[in-house]
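Some notes on the structure that comes next.
Every chain is numbered from 1 and lettered A, B, ... according to where its sequence line falls, protein lines coming before strand lines.
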Protein chains: 2
Amino acid sequence: MSEDRFNDLIRGAYVQTFPPQVELITEGDTADFLHVVLSGTVELYSSWNGRETSMATVRPISTFILAATIKDAPYLMSARTAEKARIILLPSLDVRNVFEADSDFARAVVTELAQCYRAVVKTTKNLKLRTSQERLANYLLRNHRRAGGALEFDLQVEKRRLASFLGMTPENLSRAIKALRPYGVEIDGATVRITNLADLEQFARPSPLIDDYTT
Amino acid sequence: MSEDRFNDLIRGAYVQTFPPQVELITEGDTADFLHVVLSGTVELYSSWNGRETSMATVRPISTFILAATIKDAPYLMSARTAEKARIILLPSLDVRNVFEADSDFARAVVTELAQCYRAVVKTTKNLKLRTSQERLANYLLRNHRRAGGALEFDLQVEKRRLASFLGMTPENLSRAIKALRPYGVEIDGATVRITNLADLEQFARPSPLIDDYTT
DNA sequence: TTCCCCGATTGACAATTGTCAAGCGGTCGG
DNA sequence: CCGACCGCTTGACAATTGTCAATCGGGGAA
């Protein structure tokens, strides 16, 4: 990407630090800014008819609502800070201009979008093909892998949000945790300990076509 | 898009006609061809642990598995013809080359991918925020709109596939259909008649952020 | 036409998941 | 240190959804 174009992009940009639990964007609004998370975490969520569900957690360094920015369409999800977060705000207009003018940038956007698309497809498969216990088991295995294979790691999310992300109620999550104990899972507070990886994997049956978020 | 690049693209391409119920691609395989449906319909579906779910129905004229082709990654979904279908097969390598060389093409790909991404996000919201009856009601309203506002139209899909697409069993779909009768829905075979649009809409509460597939 | 096949429907029942209410326990501010 | 608050857990129960088996009924082949 050319330096000129890069400058076009950052000229109107600004960085801002937000405290936790701040609503950054509201679904349905028009996409005025592309957001880039530099530090902290952001939760994407959606509402309908008085219900709310957690859609994703965004961690540094990635963008969110890229698709809405490119299409100049309304946001499909709301976003709020989960922890204190530093975020770059890039005016959507600038992003679309550079996107039109700079083909390297356009290709980078494609790669990012393809990644996001595949991630959501995996989420849908996870929801439709698995029970809540299976979703929890595979979620734990994914975090186990993300923690570098550690058998003990922390849930990075509040349990209520995890429950919503996994598509269940907090009560149901509590019970699912207990139900996984026979398969070698101990969860105390936010600490997860896998005492029998083989049993858990046999129960969870992870699949790269659902659980590998890197491809 | 330049004529040269277009020729690069169609040089290795070929069109093929498939009978119904032919498996076109299998999830997990590498993306050798970008597929374009010219006529007929194709069903995208996924499997895990002996279960199967219908993910989408592709109608002319659109592509499928664009993301896998661009990323040179394995297919996340399998595809089979639902009806007899004519399909263009474009070698993925050619698509990636033209994508690298032709920025107009790259931008077109972005727009298409952004569209697909947003469609899957809407599907996920539909699944997580609505009960099966609500999903059916909104599915009917979407088809009602797609039929140009006609109050009587045909289900374009077998009920077993519709059930799978909506994330329920065929038995549950039968019951959901009966449960919508008080809201002015009559379904006889593949024919849907909406006798009380206002009641149905009040029950379904359609939202453009979930049900409008055009934005 | 008649029969067969297969998908749709129905009923009875089971499993899963959600709801409501109560109680527990950790954290944080005074 | 104490108490209030808030999220988590637990139990009892209800609603939703799935499973299994039987039956219905329409379309296609002989």
Is it the case that atom CZ in B/R86 sees more than 12 heavy atoms from other parts of the structure closer than 6.0 Å? no
Pairwise distance CZ(B/F203) to CD(B/Q133) - rounded to 0.5 angstrom: 5.0 Å
Contacts to DNA chain D from residues 40-51 of chain A, heavy-atom cutoff under 4.0 Å, which residues? none
Rounded to whole Å, the CD-P distance (A/E186 to D/dT9) equals 14 Å
Shortest non-hydrogen contact from B/K122 to A/L76? CE-CD2, 3.7 Å
Can you pull the contact range of chain B along DNA chain C, 5' to 3', using atoms under 4.0 angstrom from its heavy atoms? C/dG7 to C/dA12
For A/E158 and D/dT9, what is the distance between atoms CD and P respectively, to the nearest whole Å? 12 Å
Answer yes or no: is there an ion pair linking B/K178 with B/E186, defined by an N-O contact shorter than 4.0 Å? no
Quick one: closest heavy-atom pair of A/T69 and A/R96, and the distance? O-NH1, 2.7 Å
Look up atom CG in B/L93 and atom CZ in B/F99, then write down how far apart they are to the nearest 0.5 Å. 14.0 Å
Rounding to 0.5 Å, atoms CH2 (B/W48) and OG (A/S207) come to a distance of 9.0 Å
Determine whether any donor atom in the side chain of A/E171 lies under 3.5 Å from an acceptor atom in the base of D/dC8, or the reverse, and answer yes or no. no
If you apply the rule salt bridge (charged side-chain N to carboxylate O under 4.0 Å, His left out), what do you find for A/R130 with A/D211, and how did you get there? CA-CA 12 Å; A/R130 288 175 172 161; A/D211 303 292; 2.8 Å; yes
